[in-house]
Protein chains: 2
Amino acid sequence: MAADWSNELRTKNLKATPNRVVVLETIAGNNAAMAYSKIQSDLSQLDRVTLYRTLNSLVDNGLIHKVLVEENEAFYATCSSNCSSEEHHHQHVHFRCTNCKEVTCVSSQPINQLEIPGYLVQNFEIQATGVCNLCL
Amino acid sequence: MAADWSNELRTKNLKATPNRVVVLETIAGNNAAMAYSKIQSDLSQLDRVTLYRTLNSLVDNGLIHKVLVEENEAFYATCSSNCSSEEHHHQHVHFRCTNCKEVTCVSSQPINQLEIPGYLVQNFEIQATGVCNLCL
DNA sequence: TATTAAATGCAACATTGTTGCATTTAATAT
DNA sequence: ATATTAAATGCAACAATGTTGCATTTAATA
Ligand SMILES: [Mn+2]
Ligand SMILES: [Mn+2]
Ligand SMILES: [Zn+2]
Ligand SMILES: [Zn+2]
């Protein structure tokens with residue numbers, strides 16, 4: 001959603017390189033979470049290793065977050081809330097539609113804190129599958 | 001929990017082969033969910049491809065379930081409830097301890113159904129991270 | 001014991017992810 | 001503007017993960 005990714009990057013103490021900006025623009029330009037393979041094919045001119053390092057760096061610094069929905073296909077989406085290298089806060093559901101296969105961040109409702117007796121819960125994430133609003 | 005995996009396999013219309021039984025025993029013998037790499041090293045005499053096919057088959061037929069907690073490391077645990085090839089029901093939390101790195105299925109509390117307006121939620125899963133009861 | 005569809009082992013392949021290192025570049029100071 | 005420097009990049013090489021095809025073996029059934 002942020003317009004100026006360069007400033008956003010510098011805020012997180014990351015160098016605002018053209019590679020990083022185009023990766024952020026690509027992910028943010030997708031309405032759903034974006035599969036790694038799609039990012040790679042959309043940015044085929046970008047070195048594969050650099051893309052991996054860029055994605056890891058952006059996740060580590062709270063600019064994007066990673067969603068694992070199925071084996072060997074990671075999805076990425078920009079962070080909406082104020083995430084940092086310290087912690088990601090994603091009080092929303094990652095919904096995967098079994099029909100259109102899209103993975104969307106559903107932030108319609110705030111998720112209340114999860115309590116597990118005897119455990120210290122520091123972070124949690126809900127992954128749901130079913131049929132999305134567009135496919136119903 | 002099941003003692004006789006051979007019968008369990010036949011119930012699901014799967015041939016009760018020694019390979020499948022030993023894979024089930026291995027996973028069930030681990031108190032936490034078991035990383036793929038650990039299963040493989042524990043059963044090093046078993047062909048790698050056969051192990052992949054066995055795990056997929058057991059997941060597909062509701063004997064074990066797969067937990068994705070971090071990239072490129074799938075974890076497996078036996079199904080406690082009555083899962084089938086039709087659907088897996090896991091109304092429990094998959095908890096990953098940041099200290100001991102164990103992944104456990106926490107079924108202390110029944111999870112109420114997840115409601116998302118405009119969406120048909122068919123299944124959902126909660127993944128939490130923090131410090132487990134043993135490490136606190 | 002015979003039959004047969006499923007399971008297995010092996011080879012070959014494809015994808016995903018990592019590491020080392022020389023070169024380039026963004027940010028900062030001069 | 002220019003110099004400095006730590007970070008980022010591109011490339012090669014490697015390691016791990018996962019898939020497919022096919023000949024052989026085997027569990028289940030007749
Ligand atoms: Mn998210
Ligand atoms: Mn579980
Ligand atoms: Zn859909
Ligand atoms: Zn622990």
Side-chain angles (χ1 to χ4, degrees), chain A residues 4-27 33-64 66-76 85 101 103, chain B residues 4-27 33-64 66-76 85 101 103:
Chain A
D4 192 348
W5 288 114
S6 297
N7 275 336
E8 205 71 28
L9 283 161
R10 294 192 193 95
T11 302
K12 306 283 185 176
N13 294 314
L14 288 177
K15 286 188 179 178
T17 68
N19 280 340
R20 285 175 175 163
V21 171
V22 75
V23 167
L24 282 166
E25 284 173 347
T26 301
I27 295 174
M34 202 170 179
Y36 166 75
S37 56
K38 179 121 204 310
I39 303 173
Q40 189 180 328
S41 62
D42 279 16
L43 302 176
S44 52
Q45 79 288 357
L46 179 60
D47 181 74
R48 204 170 56 86
V49 176
T50 302
L51 177 54
Y52 274 115
R53 288 196 269 228
T54 299
L55 290 170
N56 287 340
S57 177
L58 296 178
V59 168
D60 288 346
N61 291 276
L63 281 160
I64 64 175
K66 185 176 191 171
V67 186
L68 294 172
V69 284
E70 200 119 4
E71 98 192 85
N72 71 7
E73 186 73 294
F75 284 70
Y76 295 91
S85 57
K101 314 293 181 193
V103 177
Chain B
D4 192 348
W5 288 113
S6 296
N7 275 336
E8 205 71 27
L9 283 161
R10 294 192 193 95
T11 302
K12 306 284 186 175
N13 295 316
L14 288 177
K15 286 190 180 178
T17 68
N19 279 341
R20 284 174 176 164
V21 171
V22 74
V23 168
L24 283 167
E25 283 173 347
T26 301
I27 295 174
M34 203 169 177
Y36 165 76
S37 56
K38 179 119 201 316
I39 303 173
Q40 189 180 330
S41 61
D42 279 16
L43 302 175
S44 52
Q45 81 287 356
L46 179 60
D47 181 72
R48 204 169 57 86
V49 176
T50 303
L51 177 55
Y52 274 115
R53 289 196 270 227
T54 300
L55 290 171
N56 287 339
S57 177
L58 296 178
V59 169
D60 288 348
N61 291 276
L63 281 160
I64 63 174
K66 185 178 192 169
V67 186
L68 293 171
V69 285
E70 199 118 6
E71 97 192 87
N72 71 7
E73 185 74 293
F75 284 69
Y76 294 91
S85 56
K101 314 294 181 193
V103 177

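Chain A is the first sequence line, chain B the second, and so forth, proteins listed ahead of strands; every chain is numbered from 1. These figures come from a predicted structure and were not determined experimentally.
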Next item on the list: Using the test side chain to side chain donor-acceptor pair (under 3.5 Å), find all partners of A/Asp42 that sit at least two apart in sequence or belong to another chain.
Entry: A/Lys38
Check: Of the candidate nucleotides D/dT17, C/dT8, D/dG10, which contains the atom at the shortest distance from the side chain of A/Asn19?
Finding: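 Per side-chain heavy atoms of A/Asn19, the pick is D/dG10.
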Checklist line | Options D/dT9, D/dT19, C/dG9, nucleotide nearest the side-chain atoms of B/Asp47 | finding: C/dG9
Note to self: At 4.0 Å (heavy atoms only), tell me whether B/Leu46 reaches a base, stays on the sugar-phosphate, or touches nothing.
What the structure shows: sugar-phosphate
Margin query: Counting the atoms with a prime plus P, OP1 and OP2 as sugar-phosphate, which does A/Ser57 contact under 4.0 Å by heavy atoms, base, sugar-phosphate, or nothing?
Written below: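 Nothing: the residue A/Ser57, judged by heavy atoms under 4.0 Å, touches no strand.
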Next item on the list: Only pairs at least two apart or in different chains count here, so list each salt bridge (Lys or Arg N to Asp or Glu O under 4.0 Å) that has a residue in residues 43-56 of chain A.
Entry: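 Listed once each, the pairs would be none.
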Check: What would the secondary structure line of DNA chain C be in dot-bracket form, counting Watson-Crick and G-U wobble pairs under 3.5 Å, with [ ] for pairs that cross earlier ones and | for pairs with another strand?
Finding: ||||||||||||||||||||||||||||||
Margin query: The criterion is side chain to side chain contact (heavy atoms under 4.5 Å, CB included); which residues satisfy it with B/Asn7, sequence neighbours excluded?
Written below: B/Asp4, B/Arg10
Checklist line | Residues which pass side chain to side chain contact (heavy atoms under 4.5 Å, CB included) with B/Thr17, listed by chain and number, not counting sequence neighbours | finding: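 Here the qualifying residues are B/Lys15, B/Asn19, B/Arg20.
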Without decimals, in angstroms, what is the distance between [X] [atom1] and [N] [atom2]?
X       : N      : atom1 : atom2 : value
B/Leu51 : D/dG18 : CG    : P     : 10 Å
B/Ile39 : D/dG18 : CD1   : P     : 11 Å
B/Tyr36 : D/dT19 : OH    : P     : 10 Å
A/Lys66 : C/dT16 : NZ    : P     : 12 Å

Margin query: Generate the contact string for nucleotides 20-30 of chain C. Rules: B means base contact, S means sugar-phosphate contact only, - means no protein heavy atom under 4.0 Å.
Written below: B-----BS---
Next item on the list: Using only side-chain N and O atoms of A/Thr54, determine if any of them is under 4.0 Å from OP1 or OP2 of D/dA8.
Entry: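 False: A/Thr54 side-chain N/O out of range (4.0 Å or more) of D/dA8 OP1/OP2.
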Check: Given that A/Arg48 and B/Thr50 both sit by DNA chain C, which one's nearest nucleotide is further toward the 5' end?
Finding: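 Result of the comparison: B/Thr50.
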